[in-house]
2 protein chains.
Amino acid sequence: MSRSNPRVLSTLERVGGFASAQEVHKLMQREGERIGLTTVYRSLQSLLGEKIVDVLRREDGEAIYRLCGDTHHHHLVCKNCGITVEIEGGAIEKWAKSVAQEQGFRDVGHTAELFGTCADC
Amino acid sequence: MSRSNPRVLSTLERVGGFASAQEVHKLMQREGERIGLTTVYRSLQSLLGEKIVDVLRREDGEAIYRLCGDTHHHHLVCKNCGITVEIEGGAIEKWAKSVAQEQGFRDVGHTAELFGTCADC
DNA sequence: ATGATAATGACAATCATTTTCAAAGTAGAT
DNA sequence: ATCTACTTTGAAAATGATTGTCATTATCAT
């Protein structure tokens, strides 16, 4: 099918935080890389499938990506400045599992995000 | 400026869960209401500003709205048939609160959704 | 009724994302 | 090196949600 373009990954590494497909593309262009927007989208999609990157949504709905570790975690995002803290979600995992069982659901996954105002804002 | 159209609100009440602007509009049309899509968007925007509705994002980025009643709850959705169960989220509330405090965040809200396969599917 | 102000909706514009498809690259066999 | 089958690429068009525009319509106090 389609593998992820390594230059996209390395750019995202360099960013060290969240970036949208459009931003990654612009950044690469600015740095002289010749790559199409389509390829950037495809690569990010791939990386997402391989669980190498995480996706989140900005307030306007634009998808933003960033590298994620191999452990399943959640985010605490500042609504004001966008700073993000990774959170351990052990409590959530347990909760999800028990709720699922109660309701007779199988293969239950979950999303959970916290947002607020950080200490500096 | 622009106040929210009460029919939009009452439609959302009737839905009793999440719905996108497009869905609210379609629903109203099906029920014979004559209203423009633009007005639906504006009204939801208004309701959001007045904190009468909550907004969330679907996986594809489409914005979905729901009344934010006084009891905060979560959803367990079947990926296959779409059936939805409302879940009490006391455990999450506590978790969110404690995490927020640890990290020095204020005014922390959260989103949490569970999805899986229901017993009938 | 009149005029000021706000609400409405058809339509066009915007913008992220996806799809299409033909061209370019790659690897392996001969 | 040449041929062939397969994959990757990217330009351009399509899609779909959301927002902007602006003329028309409703509202309401005078």
Side-chain angles (χ1 to χ4, degrees), chain A residues 1-12 15 17-68 77 79 82 111 113, chain B residues 1-13 15 17-67 77 79 82 111 113:
Chain A
M1 295 275 120
S2 94
R3 235 166 305 155
S4 73
N5 183 313
R7 292 179 294 152
V8 170
L9 178 54
S10 94
T11 301
L12 204 52
V15 168
F18 288 105
S20 70
Q22 307 272 353
E23 287 167 351
V24 168
H25 182 239
K26 261 190 226 120
L27 193 58
M28 293 179 77
Q29 299 244 296
R30 252 185 254 128
E31 294 178 354
E33 306 241 31
R34 222 175 290 96
I35 191 169
L37 180 56
T38 313
T39 302
V40 173
Y41 271 105
R42 261 194 296 244
S43 294
L44 288 172
Q45 212 61 325
S46 249
L47 290 169
L48 194 61
E50 300 167 50
K51 305 229 160 93
I52 294 173
V53 305
D54 243 359
V55 67
L56 236 110
R57 296 271 168 187
R58 277 214 248 273
E59 291 225 347
D60 67 350
E62 188 179 5
I64 49 180
Y65 304 84
R66 71 143 176 203
L67 292 181
C68 62
V77 185
K79 282 190 279 198
T111 66
E113 301 295 326
Chain B
M1 297 277 119
S2 95
R3 235 166 304 155
S4 72
N5 183 314
R7 293 180 292 152
V8 170
L9 179 53
S10 93
T11 301
L12 204 50
E13 271 165 2
V15 168
F18 290 103
S20 69
Q22 307 273 352
E23 287 167 352
V24 168
H25 182 239
K26 262 191 226 121
L27 193 58
M28 293 180 78
Q29 299 243 297
R30 251 185 253 130
E31 294 176 355
E33 307 241 33
R34 223 175 289 94
I35 191 170
L37 180 56
T38 313
T39 303
V40 173
Y41 270 105
R42 262 192 298 242
S43 294
L44 289 172
Q45 212 62 323
S46 250
L47 290 169
L48 193 61
E50 298 168 50
K51 304 228 160 93
I52 294 173
V53 304
D54 244 359
V55 66
L56 234 106
R57 296 273 168 186
R58 275 214 248 273
E59 291 223 349
D60 67 352
E62 188 178 4
I64 51 180
Y65 304 83
R66 66 152 179 201
L67 290 182
V77 185
K79 281 189 279 197
T111 67
E113 301 297 324

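Given the structure is predicted, the values throughout are model-derived calculations rather than measurements. In what follows, chains are A, B, ... by sequence order, proteins preceding strands, each numbered from 1.
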Original post:
Is the backbone of B:Ile35 close enough, under 3.5 Å, to the side chain of B:His25 for a donor and an acceptor to pair up by distance?
Top reply: yes
Subject >> Donor-acceptor pair, side chain of B:Ser4 and main chain of B:Leu47, under 3.5 angstrom >> reply: no
Subject >> Single hit among A:Val24, A:Val8, A:Leu44 for side-chain contact (heavy atoms from CB on, under 4.5 Å) with A:Tyr65 >> reply: A:Leu44
**OP:** Could you check how far CZ of A:Arg57 sits from P of C:dC15, rounded to whole Å?
**Re:** 18 Å
Subject >> Sidechain-backbone polar pair: B:Ser43 side chain, B:Asn5 backbone, donor-acceptor under 3.5 Å >> reply: yes
**OP:** Give a yes/no on whether any side-chain N or O of B:Tyr41 is located under 4.0 angstrom from OP1 or OP2 of D:dT19.
**Re:** no
Subject >> Protein-nucleotide distance (B:Arg58, atom CZ; D:dG16, atom C1'), rounded to Å >> reply: 13 Å
Original post:
Between C:dA16 atom P and A:Ile64 atom CD1, what is the distance in whole Å?
Top reply: 14 Å
Subject >> Presence of donor-acceptor pair under 3.5 Å, side chain of B:Thr38 and base of C:dA10 >> reply: yes
Original post:
Quick one: B:Glu23 CD to D:dG16 C1', roughly how many Å, whole number?
Top reply: 14 Å
**OP:** Would you check if the side chain of A:Arg57 reaches a backbone N or O of B:Glu59 as a donor-acceptor pair within less than 3.5 Å?
**Re:** yes
**OP:** Tell me which nucleotide among D:dT18, D:dG10, C:dT8 gets nearest to the side chain of A:Thr39.
**Re:** D:dG10
Original post:
Can you tell me how far P of C:dA16 sits from CZ of A:Phe18, to the nearest Å?
Top reply: 18 Å
**OP:** Can you check whether any acceptor in the base of C:dG9 is under 3.5 Å from a donor in the side chain of B:Arg42, or vice versa?
**Re:** yes
**OP:** Can you tell me the distance, in whole Å, between the CD atom of B:Glu62 and the C1' atom of D:dT15?
**Re:** 13 Å
**OP:** Quick one: label B:Asp60 by what it contacts on the DNA or RNA (base, sugar-phosphate, nothing), any heavy atom closer than 4.0 Å.
**Re:** nothing
**OP:** Can you figure out which of C:dT17, D:dT18, D:dG10 approaches the side chain of B:Leu37 most closely?
**Re:** D:dT18
Subject >> OP1 or OP2 of C:dT18 under 4.0 Å from side-chain N/O of A:Gln45 >> reply: yes
Subject >> Distance in angstrom units between A:Arg34 CZ and C:dA23 P, rounded >> reply: 20 Å
Subject >> Whole angstrom value for the distance that separates C1' of D:dT19 from NE2 of B:His25 >> reply: 15 Å
